[in-house]
Structure formats: structure tokens, C-alpha cells
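Both ligands and their constituent atoms are indexed starting at 1 by order of listing. Since the model is a prediction, treat every value here as computed from it, not as a measurement.
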Amino acid sequence: MLTVRAPATSANLGSGFDVFGVALSHPADVVRVERADRTTIDVTGAGSEFIPEDPDKNTVGAVAEALDAPAHIKIDKGIRPASGLGSSAASAAAAAVGLNELYDRGKTRKELVPIAAKGEAVVSGDAHDDNVAPAILGGFTIATPEGVTQVDADVPLVACLPEIVVSTRDARKVVPERTSVDQLIETVGNAATLTTGMHRDDPELIGRGMEDSVVTPARAKLIDGYSEVRRAALEAGSTGVTISGAGPGVLAACREDDQSRVASAMLDAFDDAGVEARAYQTRIGEGATIH
Ligand SMILES: Nc1ncnc2c1ncn2[C@@H]1O[C@H](COP(=O)(O)OP(=O)(O)OP(=O)(O)O)[C@@H](O)[C@H]1O
Ligand SMILES: N[C@@H](CCO)C(=O)O
């Protein structure tokens, strides 16, 4: 039996839709894998009542099949599903890392990214890599069809999770099909600024680079209180705020000294909007670890 911890992740970071992602130091899923003749899945923990145990419907089932590695898989969810914090990807990443080790498949961490992404295709219809890449590799990742680039980074973040459910499938339906050249220019500038910020562990550049006028405004309408929470976080010292992944989680970058003030401001703003929420005072962290 092997135990793997895989972290929550935040995809997009505003300007890097379907490309950028970061691993969060917490929360995380813990997945135990044990060799078996056929795959069975047992789910406990946060939101487990909404997660199918059928291997054809759970992200880890697709991973076990792709690695030809049938197993008893026990998932202890630390990350609520439909959160925007890469819940489905964390389980898939943990299963990929654990089953690769258990069956001695010899895949590198980078080779495991598209395998874990097969799990994402099961739940959202698309095999995007932007959550599974940081869940496996840690740090900040740039996932393109040509491959994944990874850089270690260390910046404080607040991930605020309202008690609203937004499925990735639904949030993808509101993404605009076209964008203007002006928006393209703005997006390239923001994405480059953010990437430089990750190399320098610079919350100012990262926050500025999280600006996005294409996907985020369309999705903000799905999250009650989003504009108020964003404004409150910025007033409390956050350097940049955006939707985490497909939402409803909201991600704020900040300096160390401002982290708890930003977290409280976001919670208060959700409360004023009549939405219950919890805030993780977290930071960019490591990828899946075997215990
Ligand atoms: N192992 C798993 N963990 C979590 N959700 C799973 C798992 N397997 C299947 N699912 C299903 O995936 C859906 C949640 O995935 P979804 O991509 O919508 O949320 P998320 O992973 O939290 O968000 P995001 O990808 O935006 O960060 C739910 O319908 C859930 O039942
Ligand atoms: N890039 C994806 C992440 C969610 O899985 C999206 O925003 O739809």
C-alpha cells in the first residue's frame, strides 16, 4: 500500500486561461493505492457525498486504466469538489504518482501529467493540464500542447472558497468564443508580467499579471459577491485578485504581512453578500508527495 498527498491547485491565474497553474501548500487530498485485480474506489472527506465511486466516473479510474494499474484506491478528500481549487485534479495527480510507483511503470513526473489529465476529461469533457501539472510538479506551471514548463516559486496567497457550487463544465460554457486584438495585447502583457513575477517571487508583479478582461468578467457573474470580495481584498492590501480555476474559489496574491487582513476582508465581503465561505491562508507549494 502506498500513500500519496496531492495539493490543491489554482489554474488560470487570470491572464493564463487553460495554461497557468500553481500548487497550493494546502489544502490537499490524500490517496492510498493497493494492488488489486480490478479497480475499486472508496471516497471519504470533504464533499465525498457528491463524488462517484464508479471507476468510469471518478478521475482516478481513468488514471488506473491509462497506466494499466488496477488497484483499491482510497481517497480522503481535503479539497471540496467543484471548488475551483483543482479537487478532481488532485485525486488524479495522486493516483498517477502512486500507481506509477506501485506498478513500477517508470514514468517521469512530466510524463504523468497527460495521464492524470485523462481523469480531468472524465469530469469536464476536456483534458486540460493546468491543474494536474502543478499538482504533480509543484510550483508555477505553464502547460501548453507542446509540454509543461515548471518553476519553483514562493508567494503568499489567500484562496477563499464560498459555499456555492460551480462546475467546470458549466463555467466553460460562458467563456467567450472570440477576443479582440486589444484584449490579446493586454493578455500577453499580463501573462508575461505574471511569469516574471513568479521567477522573482514578487507579489506585486504576480498580482498585476492576474488582471484579465476576457474570461474572468464572464465567469464572475456565476459567483455571488465576486466584485465586492475582489474590491475588499484589494483594499486590504492584496496585490491582485482573480477567480481560481473555473470558480467559485477566489484567489488573492499578497505580501506576507497582509495575508491575514486580506483573508478576513474577503470573508467579511462574502458574508455581507449573504454567502458562507472559508479562507485558506496558503502559498505556492510542492507537488504530490509519496509517504
Ligand atoms: N476524485 C474526484 N475528486 C473530486 N471530484 C471528482 C472526483 N472524481 C470525479 N469528480 C467529479 O468532478 C466534479 C468536480 O470537478 P470540477 O472540475 O468541476 O471541480 P474542481 O476540480 O474543484 O474545479 P477546478 O478544476 O475548476 O479547479 C464533480 O462533479 C465530482 O463529482
Ligand atoms: N482552465 C480550466 C481549469 C478548471 O479545470 C478552466 O478554467 O476551465
[atom] [closest protein heavy-atom partner, distance rounded to 0.1 Å]:
atom                    : value
atom 3 (N) of ligand 1  : Lys77 NZ, 2.9 Å
atom 15 (O) of ligand 1 : Ser88 OG, 3.4 Å
atom 8 (O) of ligand 2  : Arg172 NH1, 2.6 Å
atom 27 (O) of ligand 1 : Gly86 N, 2.7 Å

Heteroatom distance test (Asn131, ligand 2): nitrogen or oxygen, under 3.5 angstrom: yes
Side-chain heavy-atom pair Val19, Asp130 within 4.5 angstrom cut-off: no
Ligand 1 to Ser83 polar contact by distance, N or O atoms, under 3.5 Å: yes
Ligand 1 to Asn58 polar contact by distance, N or O atoms, under 3.5 Å: yes
So if I count the atoms of ligand 1 from 1 in the order they appear, which ones are less than 4.0 Å from some heavy atom of [X]?
X      : result
Thr59  : 1 (N), 2 (C), 7 (C), 8 (N), 9 (C)
Ser91  : 1 (N), 2 (C), 3 (N)
Ala246 : 26 (O)

4.0 Å heavy-atom contact, Asn131 with ligand 1: yes
Min heavy-atom dist Ala11 to ligand 1 below 4.0 Å: no
Same cluster (ILVMFWY, side-chain, under 4.5 Å), Ile115 and Leu102: yes
Cluster overlap Leu161 with Met266, hydrophobic side-chain contacts below 4.5 Å: no
Residue portion contacting ligand 2 (non-hydrogen atoms closer than 4.0 Å) for Asn12: side chain
Contact partition for Asp18 relative to ligand 2, non-hydrogen atoms under 4.0 Å: both
Could you name the option among [options] that has the heavy atom nearest to [atom]?
atom                    : options               : result
atom 5 (N) of ligand 1  : Gly245, Gly45, Pro81  : Pro81
atom 4 (C) of ligand 1  : Ser87, Gly119, Gly21  : Ser87
atom 13 (C) of ligand 1 : Asn12, Val123, Val122 : Val123

Over 12 foreign heavy atoms within 6.0 Å of CD, Gln281: yes
